[in-house]
There are 2 protein chains.
Amino acid sequence: MSGNVMELNFGSLDQFSSDQNGVSLKPLRCPAPFLLKTYDLVEQGIEGEDGIKIVSWNEEGNGFVVWSPAEFSELTLPKYFKHNNFSSFIRQLNTYGFKKISSKRWEFQHEKFQKGCRHMLVEISRKKCEPSVFPQYLKSCSEENAMTNNSSVEEDNNNHELLMEENKNLKKERLELQMQIAECKALEMKLLECLSQYMDNRQNKVRRLC
Amino acid sequence: MSGNVMELNFGSLDQFSSDQNGVSLKPLRCPAPFLLKTYDLVEQGIEGEDGIKIVSWNEEGNGFVVWSPAEFSELTLPKYFKHNNFSSFIRQLNTYGFKKISSKRWEFQHEKFQKGCRHMLVEISRKKCEPSVFPQYLKSCSEENAMTNNSSVEEDNNNHELLMEENKNLKKERLELQMQIAECKALEMKLLECLSQYMDNRQNKVRRLC
DNA sequence: GGGAATATTCCC
DNA sequence: GGGAATATTCCC
C-alpha cells in the first residue's frame with residue numbers, strides 16, 4: 001500500500017485559531033477536506049522529473065487551471081483522493097459551486113477560492129438539496145404537467161419505447177411520493193405526541209391550581 | 001498506482017440471466033458492490049507467504065470470521081475497497097444488516113450471506129432510514145410494484161392499449177398522491193399552529209402565576 | 001450500532 | 001451540471 005492515499009495524513013479536521021496575544025480561541029469550523037486538498041494540490045502543481053506544470057493558479061490568482069487532465073488524473077488525484085477519475089473531481093467541484101469559466105481549457109473558479117486565501121475556504125459550502133418546504137413536490141408537479149401538455153399525442157402513440165420509459169418513471173415517482181407520504185405521516189405523529197405532552201402539562205398545571 | 005484498488009476491476013454492475021433455453025432475459029438487479037467484494041474476500045481468505053487464514057467462512061458456512069483484524073485491515077481491505085479501516089468495513093456490514101454473533105471473535109452473519117450462495121446476495125439490501133413508522137404499508141407498495149413489473153412483460157410489450165391505460169392510471173394515481181401530500185402538509189401546518197398556541201398559553205399562564 | 005456529513009460512482 | 005445510490009468517515 002506504499003505510496004498511495006491511505007498513508008497520507010492531512011492533519012486533524014479541527015482547526016484552532018489564536019489571537020495576537022497567543023491566547024487559544026475556540027475551534028473554528030474547518031473547510032471541507034475536499035477544499036483543503038484542492039487548494040494544496042493547486043499550490044503544488046508541478047510534478048514529474050521533467051517538471052511539467054500539471055495544475056496551477058490562473059494569471060489573476062482567482063481560479064485554477066488543470067493544464068494536463070491526463071497527468072492530473074493519473075499522478076495528482078490519487079495523491080490527494082481515493083480515486084483517479086477526473087470526472088469525480090469535477091463532480092466535487094460542482095458540488096461546492098465552482099464554475100468552469102473557459103471552453104478552451106480546464107479552468108475553474110469560485111469566489112472564495114483565491115491564491116493566498118486558504119482561510120477563505122471555510123466560507124465555501126456544499127450545495128444543499130432541500131431549499132424550502134414544498135419545493136420538490138410542487139416542482140415535479142408543474143414540470144410534469146407542462147411535459148404532459150406539450151408532448152404531442154401522436155408521438156406517444158407511435159413510440160412504444162417512450163411509453164415504456166414514461167411508465168417506468170411514473171412507477172418510480174409513485175414510490176417516491178409514497179415515501180414522502182410516509183415521512184409526512186411520521187412527522188404528524190411526532191407533532192401529535194408533542195401536542196399531547198403539552199396538553200398533559202396543562203392539565204397538571206390546572207390540577208395544581210385547583 | 002500499480003497494485004492498488006484503483007486498478008482492480010470487479011466487472012460490470014449489471015447482471016444478466018438466461019433461462020434453460022439460453023434465451024436472454026431482462027437484466028436482474030445486481031448485488032451491491034460491497035456484498036460481492038465481501039463474498040469474494042471471504043472465499044479468498046488465505047494470504048501472505050506463510051499462508052495465514054485471515055478471514056473465512058465459519059464452520060456452518062452461514063457466516064464468516066475475521067481471524068486477524070490487523071492483517072485483514074492492512075492486507076485484505078485495500079485490495080477490495082478504497083480504505084484500510086476495519087471500522088468502515090463494520091459500518092458497511094451494519095448498513096447491510098449483518099449481525100456480530102460472537103463476543104469472542106469477529107464473526108458476522110446475515111441470513112442471505114451463505115457459503116456457495118453468491119446469487120443470494122441480490123436479496124440483501126441497505127437498511128433504510130425510517131424502518132419503524134409505516135413499514136408494512138411501504139412494503140406492500142414495493143411488492144406491488146415488483147409484481148406489476150414482473151407480470152406479463154410480453155403482453156405489455158405487445159399491447160399498446162394496456163400500456164396506455166396503465167400510464168393513464170399511473171398519472172391519475174400520481175395526482176391523488178400529490179393531493180394526499182398537500183393535505184398532509186396542510187395538517188402539519190395546523191398542528192404546528194396549534195402547538196405554538198399551546199406554548200403561548202403556557203407562557204401566559206406562567207406570567208400570570210408570577 | 002447507527003445518524004449524518006462528505007466522498008465517489010453512476011447515470012440522465 | 002446535477003440527482004441519487006453507494007461508500008467512507010466521523011461522531012454519538
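Scope of the values below: all heavy atoms of this structure, side chains included, with no hydrogens, waters or symmetry mates. Below, chain A is the first sequence line, B the second, and so on; all start at residue 1.
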Is a side-chain N or O of B:K112 found less than 3.5 angstrom from the main chain of B:E123, in a donor-acceptor match?
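No, because the side chain of B:K112 does not come within donor-acceptor range (under 3.5 Å) of the backbone of B:E123.
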Could you list the residues that satisfy salt bridge (Lys or Arg N to Asp or Glu O under 4.0 Å) with A:R91, not counting sequence neighbours?
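Once residues adjacent in sequence are excluded, A:R91 has no partner under the salt bridge (Lys or Arg N to Asp or Glu O under 4.0 Å) criterion.
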With B:K115, which residues qualify under salt bridge (Lys or Arg N to Asp or Glu O under 4.0 Å), at least two apart?
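Partners of B:K115 under the salt bridge (Lys or Arg N to Asp or Glu O under 4.0 Å) test: none.
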What is the distance, to the nearest angstrom, from the [atom1] atom on [X] to the [atom2] atom on [N]?
X      : N      : atom1 : atom2 : answer
B:K82  : C:dA7  : NZ    : P     : 14 Å
A:F86  : C:dC10 : CZ    : P     : 18 Å
A:R126 : D:dG3  : CZ    : C1'   : 13 Å
B:H83  : C:dT9  : NE2   : P     : 13 Å
A:F81  : C:dT6  : CZ    : P     : 15 Å
B:W106 : C:dG1  : CH2   : P     : 9 Å

Can you sort out the partners of [X] under ring-ring contact (aromatic ring centres under 6.0 Å, His included), two or more places apart, ordered by chain and number?
X      : answer
B:W57  : B:Y39, B:F113
A:F108 : A:F64
B:Y96  : B:F34

Apply side chain to side chain contact (heavy atoms under 4.5 Å, CB included) to A:S102 and list each qualifying residue two or more places apart in sequence or on a separate chain.
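Side chain to side chain contact (heavy atoms under 4.5 Å, CB included) list for A:S102, sorted by chain: A:K104, A:R105, A:E107.
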Could you pull out all residues at least two apart from A:Q114 that satisfy side chain to side chain contact (heavy atoms under 4.5 Å, CB included)?
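Counting only residues at least two positions away or on another chain, A:Q114 forms a side chain to side chain contact (heavy atoms under 4.5 Å, CB included) with A:N62, A:C117, A:M120.
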Let me test you: for the helix from C:dG1-D:dC12 to C:dC12-D:dG1, what is the angle between the axes at its two ends (five pairs each), rounded to 10 degrees?
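That helix has its two terminal axes inclined by roughly 0°.
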A:N85 side-chain N/O to C:dT8 phosphate OP1/OP2 under 4.0 Å
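A:N85 to C:dT8 OP1/OP2: no side-chain N or O under 4.0 Å.
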For DNA chain D, the residues among residues 88-101 of chain A that have a non-hydrogen atom under 4.0 Å from it:
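Those residues are A:R91, A:N94.
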Nearest listed nucleotide, side chain of B:K127, among C:dT6, C:dT8, C:dG2
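The listed nucleotide nearest to B:K127's side chain is C:dG2.
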Between B:F72 and B:W106, does the ring centroid distance fall short of 6.0 Å?
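B:F72 vs B:W106: aromatic centres not under 6.0 Å.
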